[in-house]
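Order of listing sets the numbers, starting from 1, for every ligand and every atom in it.
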Amino acid sequence: MRQNIRGVRLRGRDGTWDVALDGDRIAAVEQSIAGSADREHDGAGCLLSPGFVDGHLHLDKCMLGDVMRPNESQTLQEAIQVTWDHKRDYTPEEIADRAAPVVDAGIVHGTTAVRAFADVDTIGGTVPVEGLLELKRRFEGETHFEVVAFPQEGIFRQPGTDRLLEQCVELGADVVGGLPWYEHTDAAARDHIDFCLELAARSDKDVHMLVDDTDDPYSRTLEYLAVRTAEEGWQGRVSASHCGALAAYDHTHAQKVIGLVKEAGITIFSNTQISLVMDGRNDRGLIRRGTTRIKELLAAGVNVASAQDDVNDPYYPFGKPDQLEVGQYTAHVGHLTYPSELETVFDMITTNPARALRLPDYGIEPGARADLVLIEATNVRDAFRLLPPRRAVFHGGRLVAESSATATRHRADG
Ligand SMILES: [Zn+2]
């Protein structure tokens with residue numbers, strides 16, 4: 001099917017443009033395309049972007065906030081225990097049913113690619129991965145969906161998890177996850193990284209770890225991950241989320257680690273909203289907010305992305321999930337508010353995570369995949385300022401969502 005999206009604004013180009021789609025591809029981008037297609041869409045002068053990429057989302061745990069018991073001690077440790085209560089009763093169907101509305105919400109908000117994390121441990125076994133693989137089947141053709149086999153309780157803290165991770169890769173998990181900093185010793189953390197990289201190499205998978213998600217300045221797994229990634233030749237195939245300890249290092253050490261990360265071609269994901277509520281809680285006086293060194297990583301040329309992480313679960317009560325909202329938080333916390341910086345933040349929810357996920361043919365140009373979001377704003381600033389409706393979302397040329405908002409203002413004398 002041929003479609004035209006008429007009269008849209010594009011980043012980095014003046015005026016309005018017509019974009020022609022042919023099947024799942026962009027066929028042309030011109031100021032005016034002659035003739036009508038099978039289907040015509042009115043772009044109404046709105047900003048057309050490649051679809052948002054949410055590279056870190058815990059869909060097995062999402063929406064537990066509606067059913068979980070209260071966190072009496074209001075601590076991370078109890079949040080983890082609350083999650084365990086549910087993990088014991090998970091079934092793949094229950095996980096898929098609970099998470100499907102969250103995936104739908106992401107699509108409505110313009111996300112066309114999601115990397116979903118599933119816990120792999122001796123409590124839930126392979127059930128969360130099975131649940132997310134079921135979810136992936138349900139959303140076939142509607143969003144790009146990757147499943148990460150993620151050892152949420154560590155690998156060596158819970159003997160048997162290594163074998164479970166291998167099983168999950170055999171079941172069809174797309175990405176090897178990791179949580180090295182959570183091991184009891186530095187030696188075990190390094191073994192954890194070695195195991196994950198070896199499993200990834202053996203199964204030809206990308207790697208996405210949660211790294212140094214702590215205020216502890218002596219948590220130093222990012223540097224080892226960077227060095228080992230380069231040694232294994234896995235540059236461009238490894239991502240690291242959170243990296244809060246990097247913000248806690250003294251500046252000299254942080255600079256060294258950032259250099260190693262750049263060398264290793266690792267993408268850093270900032271999960272800004274979750275770091276804001278989870279980290280720095282034991283600080284008194286000047287309170288750290290636990291987000292990684294976003295500006296310094298960007299300045300060093302590291303690929304930096306932003307993702308939602310949690311949605312209404314024992315760790316975080318909010319999350320729509322909406323990548324524009326994620327970007328808005330990142331702009332606030334990272335002091336990224338000047339015009340060129342806002343463009344950078346927009347890259348952090350589009351092209352940068354697309355590079356991390358190695359999505360082929362991503363962008364708006366002839367030949368690119370027609371994964372697109374039409375935002376009811378004329379520029380990036382207003383997209384972040386207003387978080388407006390996404391008028392249309394296309395996945396592979398298929399219109400998968402439309403939104404509009406109406407508000408009525410009643411005047412006092414009316
Ligand atoms: Zn996470």
Colleague: Only counting residues at least two apart or in another chain, list the ones meeting ring-ring contact (aromatic ring centres under 6.0 Å, His included) with H395.
Modeller: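 Result, ring-ring contact (aromatic ring centres under 6.0 Å, His included) vs H395: none returned.
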
Colleague: Could you note down all residue pairs passing ring-ring contact (aromatic ring centres under 6.0 Å, His included) where residues 210-241 supplies at least one of them, sequence neighbours left out?
Modeller: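 Residue pairs passing ring-ring contact (aromatic ring centres under 6.0 Å, His included), neighbours aside: none found.
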
Colleague: Going by side-chain contact (heavy atoms from CB on, under 4.5 Å), name the residues that satisfy it together with A240, two or more places apart in sequence or in a different chain.
Modeller: V211, L222, L225, C243, I266, I268

Colleague: Does a donor on one side chain sit under 3.5 Å from an acceptor on the other, for T111 and Q323?
Modeller: no

Colleague: Side chains of H251 and R293 only: does a donor on one sit below 3.5 Å from an acceptor on the other?
Modeller: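 Present: a donor and an acceptor within the cut-off.
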
Colleague: What are the two closest heavy atoms between L21 and A370, and how far apart are they?
Modeller: CD2-CB, 3.9 Å

Colleague: Mind listing the protein N/O/S atoms less than 2.8 Å away from the Zn ion (ligand 1)? Waters don't count.
Modeller: H56 NE2, H58 NE2, D309 OD1

